[in-house]
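Down below is the structure, laid out as structure tokens.
Since this is a predicted model, take the numbers as computed values, not measurements.
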Amino acid sequence: MSATSDSKQIEITLPDGSKRSYPSGTTGFAIAESIGKKLAKAAVGIVIDGEQRDLAAPVDADASVAIITRESPAGLETLRHSAAHIMADAIQRLRPKAKLWKGPAVDDERYGFYYDIDFGDEPISADDLPEIERLMHEIVKEDSPFERRELGKEDGLRIARELDDIYKIPILERMAEDEVVSFYTHGKFTDLCRGPHIPRSSYLGDGFAVLTIAGAYFGDDAGNKMLTRIYGHAFADKKAMEAHKLRLEEAAKRDHRRIGKDLDLFSTMGEYGAGLVLWHPKGGFVRHKIEEFWRQKHLDGGYDIVYSPHVAKSELWQCSGHLDFYKESMYSPMDIDGQAYLLKPMNCPFHVMMFKDRRRSYRELPFRWAELGTVYRYEGAGMLHGLLRVRGFTQDDAHIFCTPEQLDAEIVRVLDFVLEMLRAFGFEDFELELSTRPEKAVGSDEIWEKATAALRAALEGSGIAFGVDEGGGAFYGPKIDVKIRDAIGRSWQCSTIQCDFNLPERFDLSFIGEDGSQHRPIMLHRALLGSLERFFGILVEQHVGCFPLWLAPTQIAVISVGERHAEAATKAAAALRKAGVRVELDVAADKVGAKIRKHLWQEKTQLVAVVGDQELESGDLTLRHRNDGDLGTMSVDAVVAEIERRVAART
């Protein structure tokens with residue numbers, strides 16, 4: 001763009017390193033348009049020196065600039081945040097007395113945004129959602145500009161009072177006198193908001209939907225008023241939105257809460273303890289098999305199994321730093337003999353205390369201590385979700401205490417173990433991410449560099465592509481996070497490997513080195529499955545409740561065709577049980593077709609064995625598999641061998 005004689009020129013640096021000259025005050029849209037019409041059409045925002053702004057924001061000085069397009073992660077977040085405003089506008093057109101609380105974009109597999117609303121004496125239901133979506137399409141067509149106003153506290157309060165915005169007024173009243181607040185207006189709708197937003201309502205396009213309705217406490221506090229939360233999602237285009245709806249339909253079929261109830265696997269305590277899980281016999285058996293496998297793999301892998309208490313005096317959590325950094329997620333203290341005790345949110349301080357119990361030598365290291373430790377963390381009532389977000393759960397936990405020289409090998413060993421365990425449960429599609437040193441951190445530059453290099457080398461050695469979250473590590477050390485993709489492409493965070501220089505320092509841990517002097521160990525935190533509750537929920541959804549034979553509480557159902565076949569079916573079931581097979585016997589008077597459908601499809605049993613006239617004469621069983629169909633007629637011993645083969649293969 002050529003300079004004008006009466007305008008101050010500024011230099012803009014683009015992401016590819018190229019530089020362009022523009023008049024001061026040039027907007028993001030003008031910059032995008034100067035680069036190309038295609039970019040301008042896709043643009044929804046701008047990043048100026050690392051800060052995301054509206055596309056209409058002026059650039060007044062030399063700066064590094066990047067244009068945000070609608071399909072980029074930042075662009076989608078902008079679309080979704082703006083969709084929340086447009087949805088709130090539609091809702092207030094439908095229910096003019098509705099009072100708004102908050103409407104953020106969210107990073108969720110199911111939803112992209114929501115709005116919490118107080119409907120007062122004008123309640124809304126799921127039947128109203130199609131009308132809200134229709135009104136949103138009207139607002140999009142109105143093509144109203146999103147306009148930002150920055151005001152002082154008093155002017156902001158005046159606008160909020162004019163809008164009778166009862167939920168925002170207290171926020172503004174608590175702000176400092178000199179604080180600047182921002183409002184966004186499109187059409188006749190105005191809301192207190194930091195932004196940024198799309199330039200005009202039409203930029204949202206038609207790739208959005210209003211999806212569901214739920215309840216949410218104001219401020220996510222169960223002691224406050226219950227508001228109505230309306231969820232929606234938005235994508236760059238309609239095709240992507242329709243694909244997401246199909247994924248939601250498939251996810252609904254796999255919902256572990258429904259399947260868990262249908263198969264009698266688990267329940268939660270509800271009013272007697274929200275977020276606390278009751279494992280029913282069938283679910284408890286699957287958990288037992290997971291734990292059995294987990295323990296044996298750890299013993300084979302050079303770990304020792306340890307156990308720790310559920311509570312400890314508050315001083316332990318003060319020393320560990322949890323009361324400084326994690327207090328809001330911990331339960332209130334209980335008084336025991338005049339001392340404050342707290343439920344544990346993590347197992348690590350107990351393992352530290354085991355290390356500290358006596359003098360340690362470099363000859364003993366590394367220690368690999370594993371525990372299936374039940375921990376308790378406070379989650380807001382609105383955040384609880386079946387087994388995926390709970391308040392009490394058993395963490396698949398281990399801590400490794402090693403010398404700096406052992407660190408590289410231990411990280412490689414742990415990452416290999418993570419992938420081996422996840423593959424044993426049928427997961428093969430992984431996302432790996434390395435998180436590096438944040439701005440505020442403990443530990444020397446030297447040890448951070450060594451730990452980060454060790455994590456990076458392990459990732460490179462895995463042969464799996466990985467991303468890097470610069471500055472995303474914990475204050476106490478860098479980490480690797482491992483996500484799994486399930487059968488319908490959803491991503492789940494399960495495993496983590498974290499280097500920790502903080503707890504050894506806080507608890508003054510040391511070992512006697514080869515030189516006879518004291519040295520500080522490095523501590524690795526690692527979880528393979530995450531929490532058993534969450535992992536079990538993921539497994540239920542992955543397999544739609546039909547567990548692999550090695551985990552299944554019932555491996556085969558033996559079914560009689562008629563009354564005269566009942567005795568032979570009973571004997572066959574007894575023989576299978578004696579061979580170690582988990583059997584359910586069905587000699588009810590129902591039709592054989594109905595019984596087969598019941599066990600294969602309602603109860604999610606993988607195998608059924610039928611005893612009829614032919615089997616009565618031969619002493620064999622006719623075997624049918626849920627997915628593989630008719631497997632033919634075979635002896636009881638052959639059925640046992642077939643089950644053992646499938647169990648060994650972990651199919």
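- Between Ile464 and Leu459 the shortest side-chain heavy-atom distance does not fall below 4.5 Å.
- Relative orientation of the His85 and Tyr184 rings is perpendicular, given thresholds of 30° and 60° on the angle between their planes.
- Phe501 and Trp448 have perpendicular rings, their planes meeting at more than 60° on a 0 to 90° scale where under 30° would count as parallel.
- Using a 4.5 Å cut-off on side-chain heavy atoms (C-beta onward), Val468 and Glu433 make no contact.
- In this structure, Arg80 satisfies the cation-pi test against Phe235, with its NZ or CZ atom closer than 6.0 Å to the six-membered ring centre and inside 45 degrees of the ring normal.
- Here the closest non-hydrogen pair linking Ser82 and Ile198 is OG-N, 3.1 Å.
- With sequence neighbours left out, Glu147 forms a side-chain contact (heavy atoms from CB on, under 4.5 Å) with Pro145.
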(message) Does Lys153 form a salt bridge (charged side-chain N to carboxylate O under 4.0 Å, His left out) with Glu179? I'd like the steps, not just the answer.
(response) CA-CA 6 Å; Lys153 174 181 175 178; Glu179 195 162 347; over 6 Å; no
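- Side chains of Phe475 and Lys440 form no contact here, defined as non-hydrogen atoms less than 4.5 Å apart.
- The residues Lys450 and Glu446 are annotated as not salt-bridged, no charged nitrogen and carboxylate oxygen being separated by less than 4.0 angstrom.
- Ion pairing between a basic and an acidic side chain is recognised when a charged N comes within 4.0 Å of a carboxylate O; Arg247 and Glu250 show no such pairing.
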Donor-acceptor contacts, no H, no angles, side chain residues 201-215, under 3.5 Å, sequence neighbours left out:
residue : atom : partner : partner atom : Å
Ser201  : OG   : Ile139  : O            : 2.9
Ser201  : OG   : Asp143  : N            : 3.2
Ser201  : OG   : Ser144  : N            : 2.9
Ser202  : OG   : Asp143  : OD1          : 2.5

(request) In sequence, state the C-alpha distance, the side-chain angles, and the governing distance for Val59 and Thr27, and then conclude on side-chain contact (heavy atoms from CB on, under 4.5 Å). (result) CA-CA 6 Å; Val59 186; Thr27 66; over 6 Å; no
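- The minimum heavy-atom distance between Asp54 and Ile46, with the atom names listed, is O-CG2, 3.2 Å.
- For the residue pair Asp486/Trp492, the side-chain donor-acceptor check at 3.5 Å is satisfied.
- A distance-only check finds a donor-acceptor pair linking the side chain of Ser34 to the backbone of Ile31 [under 3.5 Å].
- Taking all atoms of both residues into account, the shortest heavy-atom contact from Leu407 to Cys499 is CD1-SG, 4.3 Å.
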(message) Apply salt bridge (charged side-chain N to carboxylate O under 4.0 Å, His left out) to residues Glu162 and Arg158 and explain how you reach the verdict.
(response) CA-CA 6 Å; Glu162 287 173 0; Arg158 175 180 54 78; 3.2 Å; yes
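- Applying the salt bridge (Lys or Arg N to Asp or Glu O under 4.0 Å) criterion to Glu328, with sequence neighbours excluded, gives no partner residue.
- Contact annotation: the side chain of Leu539 approaches that of Phe427 to within less than 4.5 Å [non-hydrogen atoms, C-beta and beyond].
- Within a 6.0 Å radius of CD in Glu138, more than 12 heavy atoms belonging to other residues, nucleotides or ligands are found.
- Applying the 6.0 Å contact sphere to CD of Gln498 captures more than 12 heavy atoms from other residues, nucleotides or ligands.
- Taking the charged nitrogens against the carboxylate oxygens, Arg389 and Glu379 do have a contact shorter than 4.0 Å, which makes a salt bridge.
- Between the side chains of Ser491 and Lys483, no donor N or O sits under 3.5 Å from an acceptor N or O.
- Annotation: side chain of Ile35 is in contact with side chain of Arg20 (closest heavy-atom distance under 4.5 Å).
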Donor-acceptor pairs under 3.5 angstrom involving side-chain atoms of residues 119-130: please list them, not counting sequence neighbours.
residue : atom : partner : partner atom : Å
Ser125  : OG   : Asp127  : N            : 3.2
Asp128  : OD2  : Ser125  : N            : 2.9

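- By the 4.5 Å heavy-atom criterion applied to side chains, Val540 and Asp255 are not counted as neighbours.
- At a threshold of 4.5 Å between non-hydrogen side-chain atoms, the residues Leu151 and Phe183 count as touching.
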(request) Would you sort out whether Glu173 and Arg161 count as a salt bridge (charged side-chain N to carboxylate O under 4.0 Å, His left out), showing the intermediate values? (result) CA-CA 11 Å; Glu173 288 176 338; Arg161 286 168 181 149; 3.5 Å; yes
(message) Before you tell me yes or no, could you show the steps for Arg391 and Tyr378 under side-chain contact (heavy atoms from CB on, under 4.5 Å), namely the whole-Å CA-CA distance, both residues' side-chain angles and the distance that decides it to 0.1 Å?
(response) CA-CA 6 Å; Arg391 289 175 173 169; Tyr378 176 73; 3.5 Å; yes
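- In summary, of the residues considered (Lys225, Arg229, Lys99), a salt bridge (Lys or Arg N to Asp or Glu O under 4.0 Å) with Asp116 occurs for Arg229 alone.
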(message) Checking Tyr231 against Phe113 for the ring-ring contact (aromatic ring centres under 6.0 Å, His included) test, could you report, in this order, the C-alpha distance in whole Å, the side-chain angles of both residues, the deciding distance, and whether it holds?
(response) CA-CA 6 Å; Tyr231 286 101; Phe113 61 89; 9.0 Å; no
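- A salt bridge between Arg110 and Asp108 is present, with a side-chain N of the basic residue lying under 4.0 Å from a carboxylate O of the acidic one.
- Within a 6.0 Å sphere centred on CG of Asp416, heavy atoms belonging to other residues, nucleotides or ligands number more than 12.
- Ionic pairing of Glu460 and Arg456 is not present here: no N-O contact between side-chain nitrogen and carboxylate oxygen is shorter than 4.0 angstrom.
- The minimum heavy-atom distance between Ile117 and Ala98, with the atom names listed, is CG2-CB, 3.8 Å.
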(request) Go through the steps for Glu131 and Arg95 under the test salt bridge (charged side-chain N to carboxylate O under 4.0 Å, His left out), then give the verdict. (result) CA-CA 11 Å; Glu131 178 62 10; Arg95 295 287 192 274; over 6 Å; no
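- Proximity of Arg526 to Val418: side-chain heavy atoms (C-beta onward) are nowhere separated by under 4.5 Å.
- Thr26 places no side-chain N or O within donor-acceptor distance of the main-chain N or O of Tyr22, the cut-off being under 3.5 Å.
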(request) Given side-chain contact (heavy atoms from CB on, under 4.5 Å), test Val106 with His233 step by step and report yes or no. (result) CA-CA 9 Å; Val106 291; His233 217 324; over 6 Å; no
Throw together a table of side-chain donor-acceptor distances under 3.5 angstrom for residues 188-195, partners on residues two or more places apart or in other chains.
residue : atom : partner : partner atom : Å
Thr190  : OG1  : Thr185  : OG1          : 2.7
Asp191  : OD1  : Lys168  : NZ           : 2.6
Asp191  : OD2  : Tyr115  : OH           : 2.1

(message) Please determine whether side-chain contact (heavy atoms from CB on, under 4.5 Å) holds for the pair Leu434 and Asp469, giving the CA-CA distance in whole Å, both sets of side-chain angles, and the decisive distance to 0.1 Å.
(response) CA-CA 6 Å; Leu434 170 65; Asp469 180 10; over 6 Å; no
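- With Glu541 as reference, Arg490 is the one residue of Arg254, Arg490, Lys253, Arg257 to meet the side-chain hydrogen bond (donor to acceptor under 3.5 Å, both in side chains) rule.
- Between Ile169 and Ala160, the closest heavy-atom pair is CG1-CB, 3.8 Å.
- Ring geometry for Phe425 against Phe535 counts as perpendicular: the plane angle is over 60°, on a 0 to 90° scale with 30° as the lower cut.
- To the nearest 0.5 Å, atom CD1 of residue Ile447 and atom CZ of residue Arg437 are 11.0 Å apart.
- Not counting sequence neighbours, the partners of Asp429 by the side-chain contact (heavy atoms from CB on, under 4.5 Å) test are Arg485.
- By the 4.0 Å N-to-carboxylate-O rule, Asp481 lies close enough to Lys479 to be salt-bridged with it.
- In plain terms, the two heavy atoms of Ile48 and Ala63 that are nearest each other are CG2-CB, 3.9 Å.
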